[in-house]
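First up is the structure itself, then whatever we jot down about it.
Read the numbers this way: they start at 1 and go in the same order the structure lists the ligands and their atoms.
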Amino acid sequence: MSFVRCLECPKCHATYQATEVHNLCQCGSPLLVRYDLERLGQAVNKEDLRGRRADLWRYWEFLPLELEENIVSLGEGFTPIFTANNLGRELGFKHLYIKDEGLNPTGTFKARGAAVGVSKAQELGIKAIAMPTAGNAGGAWSSYGAKAGMEMTIAMPVDAPDLAKKECVVSGARTYLVKGLISDAGKIIAQGVKKYGWFDASTLKEPYRIEGKKTMGLEIAEQFDWQLPDAVLYPTGGGVGIIGIWKALQELQAIGWIKGTLPKMISVQAEGCSPIVRAFQAGKKESEFFQGAQTIAGGIRVPKALGDFLVLESIYASGGTAVSVSDEEIKAAVQQVARTEGMFICPEGAAAIAGAQKLLNSGFLKPEERVVVLNTGSGLKYPELVELDLPVLEKEAEI
Ligand SMILES: *Cc1c(COP(=O)(O)O)cnc(C)c1O
Ligand SMILES: [Zn+2]
């Protein structure tokens, strides 16, 4: 049994039945899962969570499955939040935290979206899934799809990280490389979807990936003992993570589990692909396609996100901001976090760290504020990020 009421369009407010397969609203907007929050709030309380399984399925009541037997799990979620005192001292923060999504199966937080997305697809009787990806979503969905016994078709930019390609190949997904961006891969997948009847699991084209990523927000609240931090920084590509965290916080607020002001939601992008930052600076409600997108942080190289208006809404509503950082700042942050905290983080997470530094310098963030940075993936997925120039010794050499 679930507490799902319906699927709802955040743009035109049309509603759809969650027992049927749906992609976008007829108006073209992504759909959001709406719950009967009153009933949900009566059915469970905070204390019930203690002792539950240490993955994202501990928040069962906030998730869209009807039957537990449909769960497809590889152990995703409930990642630790580390106090980053060494790094905080260097940057000038008194209370800096890093939530390490690199510890998820497949090495990124994409596992959350894939776990809930594939589980729900299984419950709805879907047998074949197709999607474009910058790399990490493909790896995650291929893995969960393999576990569920589904036929997976993935298309990604030819310059996506090798490891992401290998994850798709090793788990048996039909994998295509596209001479272009994720947006070009998306157009090719859309044709295949029409032709072969595959289920289109592109970012935000199905409603359940957000529900998986929403659990990051539920975890932040629970792990901070329901006393929310002042700011959450998120490296933003398609925006599912930031939309999901914001959705979680609003659901928790609605059932009274959290009180007071919500954290400032902060979107961090790369200078070479910053459509959300541009839109925010212009005070716009939607972004425009970012021409010539280029950055080493492939997961946030999304020139135009379908859910851009939801990302911007969360930023405006929370009093947050959007900021961009250069590839040089990203590379420097990878090194700095590894050197001070022993964490080899992904370039996207490093962008968020560099963003925090920038906002502290600009005075938007204050040294005493409690600041949470999402590291969305493991640096181990980006071995090419660190250049080697090491001394090679003779066997008898002394050092
Ligand atoms: C996909 C991805 C992002 C961007 O996530 P969105 O929720 O789509 O904005 C950030 N970091 C990594 C490592 C990713 O794979
Ligand atoms: Zn609509």
N/O donor-acceptor pair under 3.5 Å between [X] side chain and [Y] backbone:
X	Y	result
Lys304	Ser287	yes
Glu123	Glu66	yes
Glu206	Arg209	yes
Glu369	Asp230	no

Polar proximity ligand 1 side, [X] side, N/O cut 3.5 Å exclusive:
X	value
Phe109	no
Ile242	no
Thr376	yes
Thr203	no
Gly237	yes

**Request:** Please work out whether any backbone atom (N, CA, C, O) or any side-chain heavy atom from C-beta onward of Asn136 is under 4.0 Å from ligand 1, and answer side chain, backbone, both or neither.
**Result:** side chain
Top protein contact for [atom], by heavy-atom distance:
atom	result
atom 7 (O) of ligand 1	Gly241 N, 2.8 Å
atom 8 (O) of ligand 1	Gly238 N, 3.0 Å
atom 6 (P) of ligand 1	Gly239 N, 3.4 Å
atom 4 (C) of ligand 1	Gly299 O, 3.4 Å

**Prompt:** Taking the six-membered ring where the residue is Trp, are the ring centres of Tyr316 and Phe280 under 6.0 Å apart?
**Reply:** yes
**Prompt:** For the residue pair Trp257 and Phe62, is the inter-centroid distance of their aromatic rings smaller than 6.0 Å?
**Reply:** yes
**Prompt:** Which residue, Arg112, Lys247, Arg34, forms the salt bridge (Lys or Arg N to Asp or Glu O under 4.0 Å) with Glu211?
**Reply:** Lys247
**Fill in**
Protein N/O/S atoms closer than 2.8 Å to the Zn ion (ligand 2), ordered by chain and number, come to Cys9 SG, Cys12 SG, Cys25 SG, Cys27 SG
**Cation over ring face, Lys11 and Phe309, 6.0 Å, 45°** = yes
**Prompt:** Do Lys264's NZ or CZ and the ring of Phe364 fall within the cation-pi criteria of under 6.0 Å and 45°?
**Reply:** yes
**Prompt:** Should we count CG of Leu390 as having more than 12 external heavy atoms under 6.0 Å?
**Reply:** yes
**Message:** Only heavy atoms of Thr236, strictly under 4.0 Å: list the atoms of ligand 1 that pass.
**Reply:** 9 (O)
**Val240 neighbourhood, listing ligand 1 atoms whose heavy-atom distance to it stays under 4.0 Å** = 6 (P), 7 (O), 8 (O), 9 (O)
**Asked** Aromatic rings Trp60 and Trp57: how do their planes relate, parallel, tilted or perpendicular, breaks at 30° and 60°?
**Response** tilted
**Item:** Full working for side chain to side chain donor-acceptor pair (under 3.5 Å) between Thr236 and Ser267
**Value:** CA-CA 6 Å; Thr236 308; Ser267 185; 2.6 Å; yes
**Prompt:** Which is closest to atom 2 (C) of ligand 1 in terms of heavy atoms, Glu348, Lys213, Lys110?
**Reply:** Lys110
